[in-house]
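The figures here come from the full heavy-atom set of this structure, side chains too, leaving out hydrogens, waters and symmetry mates. The sequence lines fix the lettering, A, B, ..., with proteins before strands; numbering per chain opens at 1. Everything numeric in this text was worked out from a predicted model, so none of it was measured.
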Amino acid sequence: MAREDLTAKARAEEVARASYGRLLALLAARTGDIPGAEDALGDAFVQALTSWPVGGVPDNPEGWLITVARNRQRDRAKSAAVRTSEPLEEPPVFDEIDLDAIPDKRLELMFVCAHPAIDPGIRTPLMLQTVLGFEAEQIARAFAMPASTMAQRLVRAKRRIRDARIPFVVPTVRDMPARLPGVLEAIYGAYAIDWLLVSGDEVRESLSAEALYLASTLASLLDEPEAAGLAALLALSLARAPARTVDGRYVPLDEQDPALWDAELIAAGERWLRHASRADRLGRFQLEAAIQSVHCARARTGDTDWAALLVLYDALVALAPTLGAQVSRAVTLARIDGPNTGLATLDAIEGADRFQPVWAARAHLLAELGNTDAAARAYAKAISLTTEPGLREYLRARIDELPG
Amino acid sequence: MRYSLIMHYPEMTEADLGTEAMNEGKAAFDDYAKALNDAGVLISAEVLQQSSNTTTLTMRDGHLKVQDGPFADTKEQLGGLFVVDVADLDAALAWAEKCPAAYYGVIEIRPGAVHFEDGAWHGKI
């Protein structure tokens, strides 16, 4: 392949990565037809790969692609209408198109993907595909699902959007509270994919970075504190990723080396959090982000402010009493009032008998109390509920460290 | 405690699924079996051929009856089983949750009663 070919190909790929969602959203917004827009955009990329190496990369590649794709859409609409395929090669007017002057339709696209009429289970995959241009196969791997099943479900969801005419609109202020959580959950879903199910760390890590990208996009396009809260949460959590496993071994939060945390991501998270707090409307994601922020402050102060954490966990449990939040609150309480209080709080959590973190936390507190036998039993129970090798290894090592 | 994770699922041939999907399925089962093995809980894993290849036999009143086909003719057929040795039902459920067949079939988690090993029965009914 000639050098120019390589450059043109690399450029097309770069545009595809950076602008895929914007272009697709723009093309699909008019018709509501995502599959049709995907086909048109796909054709435009194919055409770019043949024309750019010959005629050079256009000054305005996005404008070029959108013009070609729109012509292709028009082509199809016409041929469907008159059942003839007349050759339609209008000279494109791509240089006149200024993508930045056109309202960003990705926001509408995100709301379409998380519409109440779309099955919650497919919302995250749908967003990953339409906004970020992920292949069904990559998404399937992250969701531990056969690629064919994932592809079918995505196709079905997109058809449903088109056939049921789910509108490409940003909800009004009045409808926003009902619609926003679905979008936030779908983005959070890309970050919080049950990583026990994912065999490769790489897939998971790249997905969490994309989730942060989605959340930041949403937060910058939409003035909603919870959107900024989610962006803050993801940035602050991702910041700690490099310290989470060292030499393939799982390292719990309080044993992590803050020097390994990503200072830039922490700063970005703090900015989003400040931005969110200006609205003075507290929500679950803001609270979770604030909790992460307290943990990250250890990099600066060398200490963890447990009292501040407890206040935040109390508020979080009141607002969203997930098992995970309840366990974390009990562990925080143990730091302040001692292991006995922590244990009593853990025991009071309902429906947690099969929840691995409860057993790991219980084992830890029992060990602190010197109740070695009970601690060993609780660790064993936690291990029996753990299907992830790194975590199991960590818990086994804790048993070995027990005195006696 | 031994548990059998018994998989029931609609039978699909490679022709129905396509080679790619079939290979993905195999890879998923491979990962799963290795994860069970690495955790030291796997006793045995058996994936069965299509129920159309099965033969049923009964002996009633001195009459041997051999028939072509499965015992129960249902949409979802017995497809295979993993026998695991874990602490309790919670642990068995934690593993059953990760079974690839849980996505398209039904996993029955059945505690074992007795098993024969080293020339003797173990456990109690």
Do the side chains of A:Thr387 and B:Trp95 get nearer than 4.5 Å, heavy atoms only? yes
Should we say atom [atom1] of [X] is surrounded by more than 12 heavy atoms from elsewhere, each under 6.0 Å from it?
{"X": "B:Gln49", "atom1": "CD", "value": "no"}
{"X": "A:Glu135", "atom1": "CD", "value": "no"}
{"X": "B:Asp68", "atom1": "CG", "value": "no"}
{"X": "B:Gln50", "atom1": "CD", "value": "yes"}
{"X": "A:Glu137", "atom1": "CD", "value": "no"}
{"X": "B:Glu76", "atom1": "CD", "value": "yes"}

Under 4.5 Å heavy-atom distance to chain A, tell me which part of B:Ala39 shows up: side chain, backbone, both or neither. both
Contact class of B:Leu93 relative to chain A, heavy atoms under 4.5 angstrom: both
Minimum-distance pair of heavy atoms, taken over all atoms of B:Ala91 and A:Ser384: CB-O, 3.3 Å
Euclidean distance, A:Thr149 OG1 relative to B:Glu24 CD, rounded to 0.5 Å: 8.0 Å
Carefully, step by step, assess B:Asp90 and A:Lys381 under the rule salt bridge (charged side-chain N to carboxylate O under 4.0 Å, His left out). CA-CA 9 Å; B:Asp90 292 350; A:Lys381 176 75 178 176; 2.9 Å; yes
Scan for ring-ring contact (aromatic ring centres under 6.0 Å, His included) pairs involving residues 24-48 of chain B, sequence neighbours excluded, and state none if there are none. B:Tyr32-B:Phe82
Heavy-atom contacts under 4.5 Å, residues 345-355 of chain A to chain B: A:Asp353, A:Arg354
